Amino acid sequence: MYSKITVRTCILTLYLIYTLTYLTYGGFSGPLKPMTFSIFEGEEKSNQIIFQFKSDAPNVKFQLSGETDDTFYIHPDGILYYSGILDREKKAVHKLQVEVLDAGGRRIEGPVPITIEIKDINDNRPIFLQKNYNGSVRQGSRPGKPFMYVNATDQDDPATPHAKLFYRIAVQLPKINNVMYFQINNQTGGISLTLEGSKELDPFKNAHYDLVVSVMDMGGQSENSFSDTGSVNIVVEENIWKAPGLVTIKENSTEPHPLPITQVQWNEPGAHYSLVEKEKLLRFPFSIDDNGTIYVTQPLDREEKESYVFYAAAKEDNGQLLAKPLEIHVEVEDINDNPPICPASETIFEVQENEKIGSNIGVFYAYDMDQNGTLNSFLQYKIVDQSPLFPSNDLFLIQPVDGIIQLAKTSLRKQDTPQYHLKVQVSDRAFTTICDVTINVIDINDQIPIFEKNDYGNLTIDENIAVGTTILTIQATDADEPFTGSSKILYTFTNEDFDGKLVIDTDPITNAGYVKINKPLDFEKMPVYNLIIKAENPEPLVQNVRYNESSYAKFILMVSDVNEAPVFSQALYQAQISENAEINTKLITINATDPEGEAISYSLSGDTRGWLRIDGVTGEIFTMRSLDRETEKYYQVKVIATEKGGSHLTSSVYFHLALLDVNDNPPRLVKDYTGLFFCYPLSKPGSLIIEATDDDQQPAWGPRFDFSLGNTKLQNDWEISKINGSHAKVSIKHTNFEEKVYEVSVKINDGGKPPLENTVSFPVTMCKCASDGWCYQEPDSFSGMPTVAMAVGTFLVTFLVIGECHFLDPDVIALSPRSSVGLELTPASICH
Ligand SMILES: *[C@@H]1O[C@H](CO)[C@@H](O)[C@H](O)[C@H]1NC(C)=O
Ligand SMILES: *[C@@H]1O[C@H](CO)[C@@H](O)[C@H](O)[C@H]1NC(C)=O
Ligand SMILES: *[C@@H]1O[C@H](CO)[C@@H](O)[C@H](O)[C@H]1NC(C)=O
Ligand SMILES: *[C@@H]1O[C@H](CO)[C@@H](O)[C@H](O)[C@H]1NC(C)=O
Ligand SMILES: *[C@@H]1O[C@H](CO)[C@@H](O)[C@H](O)[C@H]1NC(C)=O
Ligand SMILES: *[C@@H]1O[C@H](CO)[C@@H](O)[C@H](O)[C@H]1NC(C)=O
Ligand SMILES: *[C@@H]1O[C@H](CO)[C@@H](O)[C@H](O)[C@H]1NC(C)=O
Ligand SMILES: *[C@@H]1O[C@H](CO)[C@@H](O)[C@H](O)[C@H]1NC(C)=O
Ligand SMILES: *[C@@H]1O[C@H](CO)[C@@H](O)[C@H](O)[C@H]1NC(C)=O
Ligand SMILES: *[C@@H]1O[C@H](CO)[C@@H](O)[C@H](O)[C@H]1NC(C)=O
């Protein structure tokens with residue numbers, strides 16, 4: 001032991017000589033004061049220097065005490081060092097004291113506290129507290145809610161990632177269709193169901209699952225993580241959180257409430273139960289207790305509500321639902337607790353006085369609030385009283401089940417007894433109700449309506465009388481009982497051949513009849529109406545009584561003529577004609593007639609272009625000038641018809657003339673193509689696009705122009721190709737053009753009937769462009785320039801556009817007619 005220390009001291013001395021200078025300059029030395037040092041744990045070290053303390057006094061000696069653990073030492077010169085293994089997990093902090101002694105061994109400085117903190121390195125692997133875990137889960141448990149935990153520990157410093165654990169499920173057995181039923185919280189180790197697990201786990205299909213779980217330190221994020229695995233056996237248990245079946249409760253129960261009716265139960269104890277209404281009710285007569293027992297809190301009434309649906313919910317302490325609430329169905333069972341109810345305070349029937357025995361008078365219905373189709377609402381009828389008892393008792397009978405009331409003994413006479421009162425007993429076997437029934441004996445229809453007079457004479461009315469006017473009041477009387485179908489009178493015309501121009505309304509109280517105009521009269525169509533009116537009852541007459549002449553009346557309606565304006569044979573006249581129709585072509589004949597037969601003369605109004613004339617006598621319309629569809633596609637004028645004699649009344653009607661197109665316009669370019677140019681000298685062939693148009697009506701599928709060069713000389717330099725019906729491409733065939741203006745002429749044919757052709761031309765300039773793609777050359781330096789003044793303006797625009805793509809390809813220019821000034825170019829289309 002002694003020799004070992006000596007050797008160590010020797011080596012240390014050498015070491016010190018070597019390092020002292022370094023320490024002095026490196027800052028790892030200083031006067032004695034309280035200090036804290038942090039040192040990584042780990043491998044065995046020998047004589048690892050921590051610090052050198054210095055003292056100003058001469059001949060001093062440093063001394064160390066405290067938790068040195070045979071590891072920390074101080075050299076008398078003040079060098080603090082350690083030898084051996086530091087293990088944070090064994091001891092994380094060492095508290096030491098250092099003091100300075102003089103030669104005599106007396107303390108002259110300190111003791112001063114020195115703290116050594118051992119810093120962690122990841123030198124411990126996580127270990128599951130158990131190698132095997134057993135757990136169980138209920139079918140249908142909420143996804144994400146842990147039903148068990150696995151737990152591992154790591155000895156490393158929990159404040160460092162060395163002890164930050166990361167859990168995962170490595171394997172699930174069995175695993176069907178690669179679906180994970182379980183998940184683990186990567187930090188807490190809590191195992192729960194996945195959404196699929198919550199839906200699909202079924203103890204009757206498979207009740208056992210094995211998981212291999214792994215845990216890693218360094219948060220699972222490092223290649224150097226340590227890991228451990230454990231196995232978890234899980235038993236799937238049946239879900240007892242199930243809706244109970246239909247609950248039936250007898251209504252109007254006399255038992256003490258609340259009354260338990262059913263129960264729900266969560267899979268584990270400790271759930272908080274509550275009921276949730278499905279529909280909003282005025283009162284909700286149910287409750288649930290901590291054990292999941294559901295109660296009805298008061299007697300129910302089936303007649304108020306015959307069934308209830310609500311939910312029972314189970315919640316965690318924090319109020320979160322543990323699972324989907326269960327639907328509870330309650331049906332209220334009927335008891336016979338409602339008496340029969342009369343249909344009205346008094347039910348009235350009528351019977352004719354000559355009714356035969358056994359005939360039906362009516363059906364009496366009472367009803368019962370108790371459940372339909374059960375004995376509780378099955379009613380039986382019986383007549384228990386009749387008043388008066390004249391001419392005898394039991395004049396009526398009622399069928400016990402159907403409620404049909406019949407005449408039982410003899411025919412009735414209104415003169416003797418106009419009214420009977422019956423008491424009908426209705427019973428449902430528990431309750432009995434008495435209802436009042438009145439039977440009125442009514443007169444029979446044995447009197448016919450009789451007119452006060454049979455001839456209402458002649459009546460003259462203007463044909464233009466307003467619809468709805470009453471023109472005559474008639475009257476018949478009926479001696480039957482008033483305000484019955486036997487005395488009410490309906491008036492009808494027996495001759496129906498006048499188109500419903502007249503109607504007759506009956507006053508319900510006086511039976512007076514009002515003859516009214518129902519449709520406009522027309523003297524010219526029907527000047528005289530010979531009318532015969534019949535008076536009838538809605539009820540049939542009794543046998544042996546018939547309507548006779550006294551029920552009929554006649555009257556003559558004479559319509560007097562009123563002068564009316566002429567009437568056209570049509571509400572609107574239309575014709576169509578080619579725009580190139582010859583002058584004096586007949587278009588149409590207008591026909592108007594005067595109801596009074598006066599002669600008619602015709603004239604036109606609104607013929608703004610003076611295109612038409614009308615024959616005043618025949619109504620024929622002719623063209624008077626040449627027409628032009630491009631001016632008016634639809635031409636509208638008014639035709640006026642005037643009575644020649646009489647009061648010269650007039651009427652007017654529209655005449656529409658549609659003009660059909662004729663190919664009478666030659667094709668042309670859509671615009672003036674000016675200021676077109678290519679940079680000279682040309683580097684490669686280019687092209688430009690022109691568009692043609694035509695003022696004639698174009699077919700729906702668009703124009704069909706054909707393009708060709710205007711003369712054969714051009715063919716050496718130019719080429720034209722049709723793009724489609726309206727557009728053509730003009731290309732240069734080579735690059736050997738001179739620096740001048742070329743006039744390009746193009747022939748356009750519209751392919752119409754007959755085809756029209758037009759030759760158009762436009763200038764194209766070969767211009768020496770500057771290096772920036774702009775052409776500064778004076779336009780008038782060109783020979784053959786058509787309009788010098790104009791060209792200046794156009795060139796400016798053109799140059800701008802060319803400048804845009806000069807360095808890409810200045811030779812290809814696309815022209816579009818859309819721009820009113822000159823060219824509208826898109827770089828993509830120019831610089832292909
Ligand atoms: C888990 O259950 C098995 C039997 O299923 C049993 O042998 C084992 O001891 C249980 N383990 C624990 C940790 O309870
Ligand atoms: C895991 O085990 C440690 C040590 O026994 C304990 O402190 C901790 O609470 C446990 N964690 C869980 C989630 O059970
Ligand atoms: C750990 O779980 C959380 C949610 O619990 C998740 O957001 C995170 O991505 C998981 N970490 C890794 C590395 O899977
Ligand atoms: C719940 O059940 C327990 C055990 O059956 C019983 O002791 C307790 O009284 C019940 N609680 C209620 C509110 O009924
Ligand atoms: C309950 O029954 C009694 C007789 O059985 C009846 O008088 C009472 O009206 C009933 N109550 C309801 C609410 O139906
Ligand atoms: C009971 O039955 C009658 C006739 O069959 C019907 O008119 C009535 O609406 C029913 N009442 C109920 C509540 O179903
Ligand atoms: C009614 O007119 C007819 C002919 O239209 C005539 O014979 C008769 O005398 C006229 N009667 C009266 C009352 O004017
Ligand atoms: C029509 O019959 C009634 C009695 O029903 C009678 O008073 C009247 O005179 C009869 N009229 C004619 C024209 O026969
Ligand atoms: C005009 O119309 C009337 C009746 O609508 C007809 O009788 C007459 O013959 C027509 N005249 C011509 C010229 O068509
Ligand atoms: C004809 O071609 C031109 C140029 O390609 C194009 O802009 C136009 O839409 C085309 N017209 C039809 C009707 O296709």
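Values in this document were obtained by computation on a predicted structure and should not be read as measured data. Read the numbers this way: they start at 1 and go in the same order the structure lists the ligands and their atoms.
Contact annotation for atom 2 (O) of ligand 4: protein present (non-hydrogen atoms, distance under 4.0 Å). At least one protein heavy atom sits closer than 4.0 Å to atom 11 (N) of ligand 3.
Applying the 4.0 Å criterion to heavy atoms of Phe166 picks out, from ligand 3, the atoms 11 (N), 12 (C), 13 (C), 14 (O). Those atoms of ligand 3 that come under 4.0 Å of a heavy atom in Gln221, given as number and element, are 13 (C). The contact set between ligand 10 and Ile723, taken as ligand atoms under 4.0 Å from a residue heavy atom, comprises 2 (O), 5 (O). Every atom of ligand 3 is numbered from 1 in the order shown, and the set under 4.0 Å from a heavy atom of Asn186 is 1 (C), 2 (O), 3 (C), 8 (C), 10 (C), 11 (N), 12 (C), 14 (O).
Closest heavy-atom approach to atom 5 (O) of ligand 4 among the candidates Asn291, Asp289, Asp290: Asn291.
Among the candidates His162, Gln155, Glu89, the single residue satisfying the side chain to side chain donor-acceptor pair (under 3.5 Å) test with Asn124 is Glu89. When each of Ile261, Leu259, Ile288, Asp289 is checked for a side-chain contact (heavy atoms from CB on, under 4.5 Å) with Tyr295, only Asp289 meets the rule.
Between Phe737 and Phe678, the distance from one ring center to the other does not fall under 6.0 angstrom.
Although no hydrogens or angles enter the test, the distance criterion places a donor-acceptor pair under 3.5 Å between the side chain of Thr194 and the main chain of Met180. Under the 3.5 Å distance criterion, the side-chain polar atoms of Gln697 are left unmatched by any main-chain donor or acceptor of Lys633.
In this structure, Arg142 places its CZ atom where more than 12 heavy-atom neighbours from other residues, nucleotides or ligands lie under 6.0 Å away.
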